[in-house]
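For this chain, numbers begin at 1 and follow the sequence in order.
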Amino acid sequence: HRMRSHALRADCGRDSLGADVLQHKFGDPWYGSGRMGDGDPRRLMIAMAEDTSAHAVKRVAQYAHSARRIVWFLLFLAGLGGFLWTAIVLMQDFLAFPTTTEVTMVSSSSQVFPDVTVCNLNGIKRSSIFNTRFSTPAIDAAYVNGTDAAIAAIDAAEWMTVVSNLASLPPTETERSRMCLDSYELVYAAEIAGVDIPSAAFQRVLNKEYCHCYRYSPSAVARRTGASRLSDVMTLYVNVAQNDYIPYYASSAGVKVMIQSKTGLTGPEQQGLGIPVGFETWLGLRRVIIKRMTAPYGDCNTGVEPWASMTSIECKTASLFLYIQSQCGCYDPFYGGVGIAATTAECSSQADWNCVATATTDFLYDPEVMPDFSCPSPCTQELYNVRQSMAVYPPSAQAAYDRADAIKAYATALNVSKASLESFITADYYQANFLKIFIYFEDLDYEAITQKEAVSAAQLLSNMGGNAGLFMGFSLLTFIEVFEYIVVALLWWRARHRVHPAGSPSTAALHLPVRDSVRDGVTQSSL
C-alpha cells in the first residue's frame, strides 16, 4: 500500500520529492548507503518522522487527514512545552546545589577517650587576694586578724571592689600562678580504665572567666569490659573549695566540664556542662563525626590548620584573639586555649586592658568588623553527645570512708601528714565541696552524619529523561535518531559544497543502487 501511495504521488507531479522518498523506502535501510548517499535533509526528515519512536511526530508524518495531523501536532507542542518547563525547574534545582543529610551508625569495638577539661566556677582563691593590688584595706585588716569571724564580717562592698579590680586590670602571669587553683587542688585524684592519673598529666589552660582550667588528653582506649559494663570508665574526684570562693565573683558553686576531641580548642565559656557539688555525676558519651561538603554544595572551612578544624565558636574566639593583637599591640593571655601563637607581648598596663575592652566590644557588636572574620564550620568535625545523670554524693553510710580517701590523696599530693588535714577537711567540708564524675561511652558504636548532594548528575539525567518520555514519548534512542539526522544533514551539506576536480562526478549526479526491485514486486523501469 505504501509503495502504491508513493507511486501515485510521483504520478501526480511530485516525483522530485516522492521518487526520492521511494528510493529511500526501497533502497538501503536507515543505516545503509542509500540513506547516507542521498542525504537530502528534507528526505531524511520525512523518513525519520515516519520511522521515529516519538509517537506524536510519527502520527503527524503518517496521517493523511489534515485535522488529525493538526491535533497531533498541537499535542506534540503541548508535550514539548511541558517537558521544557519541567526541564527548567529541574535544572534550576540542580544548579542551586541542594544537599541532604545522611545519618548512619558505624559499628566499633573500641573508642579512644576524648579530652576532658575541668574548670572551677570560681577559679581565683579568696585567700590569695590578701595584700595584693586587688584587695582593700578592710580585707587586709581582716586577714591580719586571722580569725574566721573577722573574715566573715567583711562588708559585701569590699568584695565587689575586689571583683571590679580583677576585671579592670587582670592578674599578671606571676600573680596568676599564686592566685589560681593548681591541678591537684581542683582534681585531687583521677583514674582511667583502672589506672591512676597523676595531677601533672592535667595541662593548665588560662581562661578569662575561670582563671586556670585543666585539660587531660588520654591515650587510653575504651573497650568492652564484660556483660555487666559496656566500656571502661574515667573517674574524676574534685574539690571545689567553696570556703575559698570570692563573693560575687561567681554566682554558683561547682565545676564546668568540657568533653572534646583531640583537636578541639578549650572554650568552656560557650561549651561544657555545669556540675554542682554534693552529687555523683555520670556523663555517658556517644561519639559523632560530621562530614560537610565544600563549595558549591557547602561552605565548610578548607583552610590550613588549626583553622580548618575549628568550630564556628572556636574560630570566632581565635579571631578575637588576633583582632585584639592588631588593635592593641599586645595579646590577652586569657585566650590561651585558642591554639594561635601570640606575636606580641602580653597585655599588662591599664591602657592595654582598656584597649582590650574596647576591641572586644567592637568585635562583638560592630557590624563593620565581623565580616572581616569568616568562620565557616569545619569540613570534618568530631564531637560527643553527652547524657548527664546525677545522684547525691557522698551517701551518708559511706561519707566517712570517702573523706578518709580524700585526706589520704591530699596528704600524698602535698607531702604532709594525714593528721594535719583532719581538722581542715571535716565531714561538713567534705559534704559541701567534694564531687565525683564518671565519664564513659554508653555505646562503642559511633554516629556518622554526612552531608551529600541532594540531586546528582545521574538523577538529573534520569528525571529529565522520565519527563521527556512522559510528555513527548521520547526515549534515549529518539535523541540518538535526532542526532543522527543532524550528522547526516551536515555531511550532505558538506558534500554539496565540496569543490570537485574537473572531470569527476559531482555528488548531485551520484545515484546509488537500489534493492532488488524484482523481489519487491516492481521493475526497475517503473521506478
Side-chain angles (χ1 to χ4, degrees), residues 119-182 185-186 204-213 240-256 266-270 272 274 317 320-321 323-325 327-338 345-366:
C119 307
N120 197 325
L121 295 181
N122 195 326
I124 296 181
K125 296 179 286 186
R126 184 178 64 182
S127 57
S128 65
I129 296 297
F130 166 67
N131 204 24
T132 65
R133 59 188 175 92
F134 309 102
S135 185
T136 66
I139 293 176
D140 292 342
Y143 271 93
V144 169
N145 183 284
T147 63
D148 293 338
I151 297 174
I154 297 175
D155 189 73
E158 303 294 331
W159 292 118
M160 291 181 182
T161 301
V162 171
V163 173
S164 177
N165 292 339
L166 289 170
S168 62
L169 191 59
T172 63
E173 183 176 357
T174 303
E175 292 171 329
R176 289 194 300 269
S177 64
R178 184 174 66 89
M179 298 170 63
C180 299
L181 290 170
D182 281 324
E185 294 178 302
L186 180 61
R204 185 181 67 182
V205 180
L206 285 178
N207 183 268
K208 202 172 189 68
E209 185 172 349
Y210 306 118
C211 196
H212 283 175
C213 294
V240 301
Q242 282 196 75
N243 65 315
D244 218 7
Y245 271 24
I246 298 175
Y248 303 103
Y249 189 75
S251 59
S252 56
V255 295
K256 198 77 172 288
T266 304
E269 300 92 344
Q270 296 86 8
T317 304
L320 174 57
F321 177 78
Y323 183 71
I324 289 173
Q325 288 192 81
Q327 297 298 309
C328 304
C330 61
Y331 75 92
D332 186 345
F334 288 98
Y335 290 111
V338 299
E346 179 181 331
C347 298
S348 57
S349 67
Q350 185 65 59
D352 289 342
W353 289 111
N354 290 340
C355 179
V356 168
T358 302
T360 302
T361 302
D362 292 343
F363 182 87
L364 296 178
Y365 303 108
D366 190 345

Next item on the list: Inspect cysteines C355 and C330 and report if their side-chain SG atoms are under 2.5 angstrom from one another.
Entry: no
Checklist line | side-chain contact (heavy atoms from CB on, under 4.5 Å), paired with I129, selected from D140, N165, D244, I246 | finding: I246
Check: Who passes ring pair (Phe, Tyr, Trp, His ring centres under 6.0 Å) against F130, sequence neighbours left out?
Finding: Y143
Note to self: Is the shortest side-chain heavy-atom distance between L320 and D332 below 4.5 Å?
What the structure shows: no
Item checked: Single hit among L206, N207, L181 for side-chain contact (heavy atoms from CB on, under 4.5 Å) with H212 -> L206
Check: More than 12 non-hydrogen atoms from neighbouring residues, nucleotides or ligands closer than 6.0 Å to CD on Q350, yes or no?
Finding: yes
Next item on the list: Going by the side-chain contact (heavy atoms from CB on, under 4.5 Å) test, name the single residue among T358, T360, L364 that passes it with D362.
Entry: T358
Note to self: Looking at C328 and C347, are the sulfur gammas closer than 2.5 Å to each other?
What the structure shows: no
Notebook entry, point to check: Should Y249 and P247 count as side-chain neighbours, where that means a heavy-atom distance under 4.5 Å?
Noted result: no
For residues 155-163, which side-chain N or O atoms pair as donor and acceptor with protein atoms under 3.5 Å away, sequence neighbours left out?
unit_1, atom_1, unit_2, atom_2, d
D155, OD2, A157, N, 3.0
E158, OE1, T136, OG1, 2.6
T161, OG1, A157, O, 2.9

Check: Any donor and acceptor pair, going by atom type alone, linking the side chain of S135 with main-chain N or O of T132 inside 3.5 Å?
Finding: no
Notebook entry, point to check: Salt bridge check: are E209 and K256 linked by an N-O gap of less than 4.0 Å?
Noted result: no
Notebook entry, point to check: Side chains of F134 and E175: does their closest heavy-atom pair fall under 4.5 Å?
Noted result: yes
Checklist line | Which atom of L121 lies closest to which atom of S252, heavy atoms considered | finding: CD1-OG, 3.3 Å
Check: Where the side chain of N122 meets the backbone of Q242, is there a donor-acceptor pair that is under 3.5 Å apart?
Finding: no
Margin query: Assess, by modelled atom type and distance only, whether the side chains of N120 and Y245 contain a donor and an acceptor separated by less than 3.5 Å.
Written below: yes
Next item on the list: Kindly say whether C211 contributes a backbone atom to a donor-acceptor pair with the side chain of R176 at under 3.5 angstrom?
Entry: no
